[in-house]
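One structure below.
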Amino acid sequence: MFKKEKRKNWRSVQSPFIFDLARHLEAGSRYVDERVVTDEVAFDRVFRDIEKLRADLKRSKESIAVEDYGAGSRVFKGNARKVSKIAKHVLQGKSVARSLWKVLRYWGINTATEGGRKLNVLEMGTSLGITTAYLSASGCHVETWEGCQNTTDLARRNWKELGLEENIVSKVGKFEGLLKSSSGGWDMVFLDGHHDGEATLIYVEQMKSKLGKGGCVLVDDVTWSKGMKMAWRTLLDDPYWNVTVRWRGKGWLFHIDGAVEQHIALSCVFKF
Ligand SMILES: C[S@@+](CC[C@H](N)C(=O)[O-])C[C@H]1O[C@@H](n2cnc3c(N)ncnc32)[C@H](O)[C@@H]1O
């Protein structure tokens, strides 16, 4: 018997921790912690630059040869890929990227207040580096992994254009190998590649020993395929992840000492 999730919108969440997560993911800027958006003008400039770059990539005439280590694609055939198609079909959209930025900024500000350190974020699946740019703009230490060298080269070129290349640690290799050699200590891991049910379960299991205290995993595309749906149900049943939140086809996994077990499916309020 699989565990059931309770459907809620961000306003109806009772647990303060999940409410804070939900409002930064889904609510408009007036419901967000005011420290998150203090310098709105500066942040708008950053977002504008990133989105301008995304728009340029969508119009790009360039093609690259990619090595695909993922679960295959419903959009691409063969290894030569148009950059414009990658930009249109593979990356997280602006709305999701901005929500992640808000949550990380909120958690980052709280952590800085308590202990004065930056959050460590790992993105598994760099692609063109657009979401990486948002994660980095949130003020966290960001490391990102990508199997394909040509794709990584393009992502690095993009960060240079945005002036972010100094802030991002980018590694090329298969997730399997990079995970084994990583010393971990992640506050948040965004698993955004290799959307295969079995592989996801293996990565998430290994992640348990790689997360810092209170760290979490965000798994993309948990409703993408039968295998991914099954993997999500298996993760819901794992008592280690005592707090889970499904949001826009992704799943947040938390292991919080002493928390009441809760599994929530957050209703989306589309904005932006
Ligand atoms: C969905 S894209 C990442 C999108 C990116 N996070 C964004 O939103 O801007 C997934 C990427 O993960 C890479 N990938 C998939 N499986 C991998 C694996 N097992 N090891 C290394 N890279 C992998 C793919 O090459 C692809 O570029």
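Atoms within a ligand are numbered from 1 in the order they appear, just like the ligands themselves.
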### Query
Within less than 4.0 angstrom of ligand 1, does Y134 place any heavy atom?
no
### Message
Does the residue I86 have a heavy-atom contact with ligand 1, meaning some pair of atoms that are separated by less than 4.0 Å?
### Response
no
### Task
Please say whether more than 12 non-hydrogen atoms of neighbouring residues, nucleotides or ligands are located less than 6.0 Å from CD in Q149.
yes
### Query
Would you call E205-K208 a salt bridge at under 4.0 Å N-O?
yes
## Note on the structure
Note: L128, heavy atoms under 4.0 Å from ligand 1, region reported as neither
### Query
Is the side chain of T126 donor-acceptor paired with the backbone N or O of G129 at a distance under 3.5 Å, no angle test?
no
### Query
Should the ring pair W101 and F47 be called parallel, tilted or perpendicular, given that the plane angle runs from 0 to 90° and is split at 30 and 60?
perpendicular
### Query
Are the side chain of D237 and the backbone of K3 linked by a donor-acceptor contact shorter than 3.5 Å?
yes
#### Entry: Nearest neighbour of atom 25 (O) of ligand 1 from the list Q92, E176, E146, on a heavy-atom basis
E146
### Query
Is there at least one pair of N or O atoms, one from T132 and one from ligand 1, spaced under 3.5 Å apart?
no
### Query
Does a donor on one side chain sit under 3.5 Å from an acceptor on the other, for H263 and E261?
yes
## Note on the structure
Note: ligand 1 atoms sitting under 4.0 Å from heavy atoms of Y203 are 19 (N)
### Query
At under 4.0 Å between heavy atoms, which part of E123 makes contact with ligand 1: side chain, backbone, both or neither?
side chain
### Query
Which atoms of ligand 1 have any heavy atom of G147 under 4.0 Å away?
21 (C), 22 (N)
### Task
Would you mind listing which atoms of ligand 1 come within a distance below 4.0 Å of any non-hydrogen atom of K174?
20 (N), 21 (C)
### Geometric N/O contact F175 with ligand 1, under 3.5 angstrom
yes
#### Entry: Side-chain donor or acceptor of D221 paired with backbone N/O of W224 under 3.5 Å
no
### Query
Out of G173, G177, G125, whose heavy atom sits nearest atom 12 (O) of ligand 1?
G125
### Query
Which of parallel (below 30°), tilted (30 to 60°) and perpendicular (above 60°) describes W186 and W145?
perpendicular
